[in-house]
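For the numbers below, each heavy atom of this structure counts, side chains included, while hydrogens, waters and symmetry mates do not. Just so it is clear: chains get the letters A, B, ... in the order the sequence lines come, proteins before strands, and each one is counted from 1.
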Protein chains: 2
Amino acid sequence: MSAQSSLTPIDIAKLRNACSTCSVRELCLPAGLDLQELAQVDKMVNRRRPVRRGDYLYRAGTELQSLYAIRSGFIKSAVLHEDGREQVAGFHMTGDLLGLDAISAGRHLCDAVALEDTEVCDIPFALLERLAREIPSLQSHFNRIMSREIVRDHGVMLLLGSMRAEERLAAFLLNLSQRFATRGYSSTEFNLRMTREEIGSYLGLKLETISRVLSRFQQEGLIQVRNRYLKINDADALRRLVGHCES
Amino acid sequence: MSAQSSLTPIDIAKLRNACSTCSVRELCLPAGLDLQELAQVDKMVNRRRPVRRGDYLYRAGTELQSLYAIRSGFIKSAVLHEDGREQVAGFHMTGDLLGLDAISAGRHLCDAVALEDTEVCDIPFALLERLAREIPSLQSHFNRIMSREIVRDHGVMLLLGSMRAEERLAAFLLNLSQRFATRGYSSTEFNLRMTREEIGSYLGLKLETISRVLSRFQQEGLIQVRNRYLKINDADALRRLVGHCES
DNA sequence: GCGGCCTTTTGATCCATGTCAAGACTCGTG
DNA sequence: CACGAGTCTTGACATGGATCAAAAGGCCGC
């Protein structure tokens with residue numbers, strides 16, 4: 001199916017570059033593209049865009065133009081209630097693909113805000129659909145990405161529906177830890193990019209509860225926290241806390 | 001793109017039949033298929049399968065073979081914790097497509113159990129992917145279905161994360177009501193297919209709470225309940241209760 | 001039609017988390 | 001360097017929903 005075996009080292013380097021520089025390894029690396037396909041993908045994803053801390057990547061209600069792959073940085077997505085409350089739907093980091101929920105209605109249903117200076121790759125959705133039509137493995141991979149998002153959401157539902165505050169926060173920290181590890185950063189030491197309030201919103205808890213539970217974890221020696229800095233001392237203990245509920 | 005204009009009345013009848021009899025109007029109706037495509041879809045979806053009340057459609061851990069479109073009946077999907085607790089992830093009725101979360105890992109991650117005698121259409125996933133490759137509008141539609149599932153999940157997350165018991169139950173009843181209406185049934189009078197415990201699991205509440213809130217709604221004249229029978233007297237009041245949080 | 005099991009209702013009490021409030025810390029800016 | 005806004009911590013108290021318990025009602029097989 002693929003002409004992968006005919007790739008020269010230069011092609012491979014180019015491919016690797018196209019993927020890693022644009023954080024679409026998520027999207028194209030496992031797809032097994034040939035040279036021509038590569039050129040197409042190259043064209044598609046070579047539209048970088050910086051988003052400064054506090055700026056919106058997109059807002060609820062706007063038309064879906066592109067999906068966005070995070071090249072670097074940190075973004076939260078959130079739905080806004082009419083009464084001003086906001087519910088954080090997810091935190092996204094390097095390599096994550098944003099905007100999937102907009103495909104359904106053709107317009108975004110949540111806001112995406114950068115929590116630190118961020119660079120994304122702009123992936124025009126129409127172009128992606130067209131390309132995926134021509135490159136079956138790309139389509140197949142895209143299906144899996146969508147499905148993975150559904151699985152992730154089910155995990156959050158489980159967390160919100162059946163875990164207590166301590167369990168939720170432990171699960172959250174472990175999840176962050178693991179995602180940093182996957183990206184080559186320390187799994188035990190990192191800076192939170194979000195406020196206690198945002199964590200609380202995501203976990204269905206109030207900011208005071210987040211603060212209290214973090215303090216308790218620290219007292220018990222499981223972690224060290226100071227403001228946004230966080231160090232995990234005893235990941236196993238956290239895992240035991242989460243106990244029977246893995247997402 | 002499509003040869004739709006060349007369809008004879010007979011073809012159209014056949015198409016309508018293929019769709020309505022198998023509850024894949026969800027999947028194929030909006031796709032604008034031509035005759036040959038129709039034949040292919042026909043082949044794909046003409047595998048019906050009955051599932052008796054209490055039986056599993058699939059179990060967590062089993063390999064993904066097919067997606068399932070519900071032709072009639074009622075199915076719950078649930079993830080099982082190691083400790084035996086279960087978390088209901090969704091209730092599904094006629095026309096719904098099940099199994100999307102399995103695409104990610106190639107195996108099912110939750111159980112699907114029939115809450116009443118049910119008939120589903122078996123849609124081999126490999127075949128669906130192949131067909132979608134040949135019929136762009138089918139692929140496009142499938143993307144939207146996946147996205148819609150993500151949107152639905154976000155709605156549940158919002159409900160679990162930021163609504164109180166009364167609001168959750170009101171939202172749940174309105175959602176059921178609306179889905180029955182869409183399918184041509186009464187929006188105000190229907191039988192619940194699930195136990196209080198299952199509702200509670202879905203909404204992140206205990207069965208006693210469900211029972212109590214239902215009783216309270218009844219006292220206030222919003223609904224009438226007797227066992228599984230439910231009648232909505234004042235949908236507007238329920239909507240006001242849910243207030244600012246629409247999913 | 002009876003007996004047993006599952007589901008539902010309702011009451012009493014408890015507890016985890018929310019709410020309210022005060023003060024401390026942090027960081028960016030004038 | 002001081003100020004002020006935003007963020008975080010901690011305490012006291014309130015409360016929604018969980019838990020425990022008992023009894024009633026419905027359903028199914030015999």
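The nearest whole Å value for the distance from the CG atom in B:Leu115 to the C1' atom in C:dT7 is 15 Å. Atom CE in B:Met163 sits about 11 Å away from atom P in D:dG17, given to the nearest Å. The distance from atom CZ of B:Arg196 to atom C1' of D:dA18 is 18 Å, rounded to the nearest whole Å. Per the geometry, CD1 belonging to A:Ile210 stands 15 Å off P belonging to D:dT7, to the nearest Å. Atom CG of B:Asn227 is separated from atom C1' of C:dC6 by 12 Å (rounded to the nearest Å). As rounded to whole Å, 11 Å separates atom C1' of C:dT7 from atom CZ of B:Arg53. Separating the CG atom of A:Leu169 from the P atom of D:dT9 is a distance of 11 Å, rounded to the nearest angstrom.
Between B:Tyr185 and B:Phe180, the ring planes are perpendicular. Angles over 60° get that label, and only those under 30° would be called parallel. Taking the six-membered ring for Trp and thresholds of 30 and 60 degrees, A:Phe125 and A:Phe142 have ring planes inclined between 30 and 60 degrees apart.
With distances taken from any side-chain atom of A:Arg228 to the nucleotides D:dC28, C:dG18, D:dC8, the minimum falls on D:dC8. Of the candidates C:dT17, D:dT10, C:dT9, the closest approach to any side-chain atom of A:Arg164 belongs to C:dT17. For B:Lys206, the side-chain atoms get nearest to D:dT19 when compared with the rest of C:dT8, D:dT19, C:dG18. Closest to the side chain of A:Ser211, out of D:dT9, D:dT7, C:dT9, is D:dT9.
Using a cutoff of 4.0 Å between basic side-chain nitrogens and carboxylate oxygens, B:Glu166 and B:Arg216 are scored as salt-bridged.
The two residues B:Gly221 and B:Asn233 make their nearest non-hydrogen contact at O-CB, 3.4 Å.
Between the side chain of B:Arg212 and the base of D:dT19, at least one donor-acceptor pair of N or O atoms lies under 3.5 Å. The base of D:dC8 is not paired with the side chain of A:Glu208 by any donor and acceptor separated by under 3.5 Å.
In this structure, B:Ser215 reaches the C:dT10 phosphate: one of its side-chain N or O atoms is under 4.0 Å from OP1 or OP2.
Along DNA chain C, the nucleotide nearest B:Leu207 and the nucleotide nearest A:Leu207 are compared for position; the residue whose nucleotide lies closer to the 5' end is B:Leu207.
Partner of A:Ser77 under the side chain to side chain donor-acceptor pair (under 3.5 Å) criterion, chosen from A:His108, A:His92, A:Gln87: A:His92.
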